[in-house]
Structure formats: structure tokens, C-alpha cells
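Note that this is a predicted model, so its numbers are computed, not measured.
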Amino acid sequence: IRATCSEIILRQEVLKDGFHRDLLIKVKFGESIEDLQTCRLLIKHYIPTGLFVDPYELASLRERNITEAVMVSENFNIEAPNYLSKESEVLIYARQDSQCIDCFQAFLPVHYRYHRPHSKDGETFIVVNNPDLLMYCDQEFPILKCWAQSEVAAPCALKNRDICQWNNMKYKSVYKNVTLQVPVGLTIHTSLVCSVTLLITILCSTLILVAVFKYGHFSL
């Protein structure tokens with residue numbers, strides 16, 4: 001059986017620019033598999049400390065049927081900087097690609113966390129490793145015997161509390177990992193930034209007070 005096994009190809013890329021990105025994962029089987037619609041694909045992703053996934057945003061996307069993803073990590077703080085954060089875990093239920101009979105894809109919005117300022121270099125890097133690829137089929141396929149490495153217990157579906165034994169699949173990745181470049185502040189600018197921020201705060205507060213006393217209506 002192994003001699004006839006085709007490879008599972010996973011491609012992970014990050015879309016958009018700026019501090020708010022979209023993580024797109026595409027999975028393609030090397031050959032068409034009959035009745036592939038009887039299979040489900042679950043992507044178990046580990047989000048590094050330099051990034052975060054907003055659970056409230058995920059809830060909104062689920063309501064609009066844009067993506068099927070859920071946070072596994074508890075006590076998650078989206079406001080914490082990267083040096084006070086921990087790696088988080090997300091489950092993404094991939095969907096079959098309408099343009100490819102033996103392809104799946106998954107979508108996940110990710111956001112940069114704040115990083116410590118550097119003394120010299122004004123940038124840092126975040127490495128997004130490849131995820132675990134889990135598969136569950138209602139019937140047996142040769143590819144499961146070829147590439148299944150172990151079994152992993154996970155929810156059968158997003159809205160289902162039942163637990164299924166998923167096959168942890170071996171795959172070939174187009175990229176070893178994804179590296180994101182993040183701009184950070186410089187420590188030599190600390191005094192300048194604090195001074196300018198303080199001056200702007202005083203100026204805006206003064207303008208607000210002047211407007212209140214000039215246009216406000218007071219009654220005793």
C-alpha cells in the first residue's frame with residue numbers, strides 16, 4: 001500500500017499587510033479519493049506568543065458562517081504583550097474547496113501583539129510553525145493507512161460535544177514555516193515619545209476644557 005501512497009500537500013500563507021493578518025491554510029491530496037466528502041479535516045494550530053486570535057472575532061465569524069474555528073486555550077488575554085503571553089491553541093475545521101475535488105482550506109484571522117522595544121534594530125520576527133493535520137472519515141481509505149501516524153481525541157464537530165478519534169496525518173509542507181516581520185520601537189526614542197505624548201495629552205485636555213466652558217450649559 002505504501003508504494004502507491006500519494007502525498008498530502010499543505011500550504012500555509014499569511015495574507016494582508018499591517019498588524020491584522022489572515023492565515024490561510026490549503027490542503028491537497030495527491031490523487032482524487034472517492035467519497036472524500038465523507039471525511040472531515042481538523043487543523044490544530046499553535047499560535048506563537050507574538051500573535052493572538054480574538055475569540056470574540058471568531059464567534060462573529062462563526063455566526064456569519066465564514067470560518068469554523070474555536071479557541072482551546074483558557075484564561076486568554078488579547079491585551080497582553082508578547083513577553084507576558086503564552087502560546088495558544090486553536091482548532092479549525094477545514095472546508096472542502098469548491099474549485100478542487102480533493103482539496104480543503106481553512107481561514108483564521110491573526111493579530112500582532114505588542115513587543116518590547118529594541119536598543120538597535122527596529123524590527124523582530126515571528127515564526128508560525130506548521131499545524132497538526134487531523135482527519136476523520138466515516139469509512140476507511142488507503143491514504144489513512146499510509147499517512148496516519150497516531151490517533152488524537154478531539155470534538156467531532158464545532159457544535160458537537162462528542163469526541164472522535166482523529167488520525168494525525170503526515171504531510172508535506174510547501175514551506176517549512178511562515179516568518180512574519182514586525183516593526184518595534186527603539187529604546188533611544190523613549191524620552192521623546194513620552195514627552196510628545198504628555199504634551200499632546202495636556203493640549204487636548206486644555207482644548208476640551210475650553211470648549212466645555214465656552215459652549216457648555218450649566219445650571220445650579
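In this structure, Asp17 has no salt bridge (Lys or Arg N to Asp or Glu O under 4.0 Å) partners at least two apart in sequence or on a different chain. Asn130 pairs by the side chain to side chain donor-acceptor pair (under 3.5 Å) definition with Gln12, Ser173, not counting sequence neighbours. Under the side chain to side chain donor-acceptor pair (under 3.5 Å) criterion, Lys16 pairs with Asp22, sequence neighbours left out. Here Phe107 pairs with nothing under the ring pair (Phe, Tyr, Trp, His ring centres under 6.0 Å) rule; sequence neighbours left out. Every residue two or more places apart in sequence or in another chain that forms a ring pair (Phe, Tyr, Trp, His ring centres under 6.0 Å) with Tyr112 is listed here: Phe19. Evaluation of the side chain to side chain donor-acceptor pair (under 3.5 Å) rule for His20 yields His111 as partners, not counting sequence neighbours. In this structure, Lys26 has no side chain to side chain donor-acceptor pair (under 3.5 Å) partners at least two apart in sequence or on a different chain.
The closest donor-acceptor contact from the side chain of Asn167 to the backbone of Met169 lies at 3.5 Å or more, if one exists at all.
Every pair passing disulfide (SG to SG under 2.5 Å) that includes a residue from residues 63-121 is listed here, sequence neighbours excluded: Cys100-Cys103. Residue pairs meeting the side-chain hydrogen bond (donor to acceptor under 3.5 Å, both in side chains) criterion with at least one partner in residues 181-192, sequence neighbours excluded, are Glu123-Gln181.
Taking each heavy atom of Gly50 and Asn82 in turn, the nearest pair found is CA-CB, 3.9 Å. When all heavy atoms are compared, the tightest approach of His115 to Tyr83 is C-CE2, 4.3 Å. Nearest heavy atom pair, residue Ile8 against residue Val27, reads CG2-CG1, 3.6 Å. In terms of heavy-atom proximity, Met71 sits nearest to Ser88 at CE-CB, 4.1 Å. Minimum interatomic distance between Ser119 and Ile188 (heavy atoms only, all atoms of both residues): O-CG2, 4.4 Å. Between Val53 and Ile47, the closest heavy-atom pair is CG2-CG1, 4.0 Å.
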Please test Val14 against Val128 for side-chain contact (heavy atoms from CB on, under 4.5 Å), starting from the C-alpha separation and ending with a verdict. CA-CA 10 Å; Val14 177; Val128 182; 5.5 Å; no
Please test Ile200 against Ile202 for side-chain contact (heavy atoms from CB on, under 4.5 Å), starting from the C-alpha separation and ending with a verdict. CA-CA 5 Å; Ile200 292 176; Ile202 294 174; over 6 Å; no
Might you work through the side-chain contact (heavy atoms from CB on, under 4.5 Å) test for Val178 and Glu13, ending with a clear yes or no? CA-CA 7 Å; Val178 174; Glu13 55 186 324; 5.8 Å; no
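Looking only at side-chain heavy atoms (C-beta outward), Leu24 and Leu108 stay at 4.5 Å or farther from each other. Annotation: side chain of Pro48 is in contact with side chain of Ile126 (closest heavy-atom distance under 4.5 Å). Side-chain contact check for Phe52 versus Glu79: every heavy-atom pair is 4.5 Å or farther apart. The shortest distance between side-chain heavy atoms of Leu10 and Val174 does not fall below 4.5 Å. Considering only heavy atoms from C-beta on, Phe76 comes within 4.5 Å of Pro55 through its side chain.
The CG atom of Leu58 lies 7.0 Å from the CG atom of Asp54; values are rounded to the nearest 0.5 Å. Within the model, atoms CG of Leu133 and CD1 of Ile25 stand 9.0 Å from one another, a figure rounded to the nearest 0.5 Å. Here the NZ-CG distance, from Lys28 to Asp97, works out to 9.5 Å after rounding to the nearest 0.5 Å. Considering CG of Asn168 and OG of Ser150, their distance stands at 4.5 Å, rounded to 0.5 Å. Lys120 contributes atom NZ, which lies 12.0 Å from atom CG of Leu186 (distance to the nearest 0.5 angstrom). The distance from the CD atom of Gln96 to the CG atom of Leu41 is 9.5 Å, given to the nearest 0.5 Å.
Here Tyr46 is tied to no hydrophobic group at all, with no ILVMFWY side chain closer than 4.5 Å. Membership of the apolar cluster around Tyr136 extends to Leu42, Val70, Val72, Leu91, Tyr93, Leu134, Val152, Leu158, Trp166, as traced through chained side-chain contacts below 4.5 Å between ILVMFWY residues. Connectivity analysis of hydrophobic side chains (ILVMFWY, heavy atoms under 4.5 Å, direct or indirect) links Tyr215 to nothing; its cluster partners are none.
Taking 4.0 Å as the cut-off between side-chain N and carboxylate O, Arg95 and Glu68 count as a salt-bridged pair. Using a 4.0 Å cut-off between a side-chain N of Lys or Arg and a carboxylate O of Asp or Glu, Arg40 and Asp138 qualify as a salt bridge.
Annotation: Tyr171, atom OH; neighbour count of heavy atoms from other residues, nucleotides and ligands within 6.0 Å is above 12.
Side chains of Thr49 and Arg113: no donor on one and acceptor on the other come within 3.5 Å.
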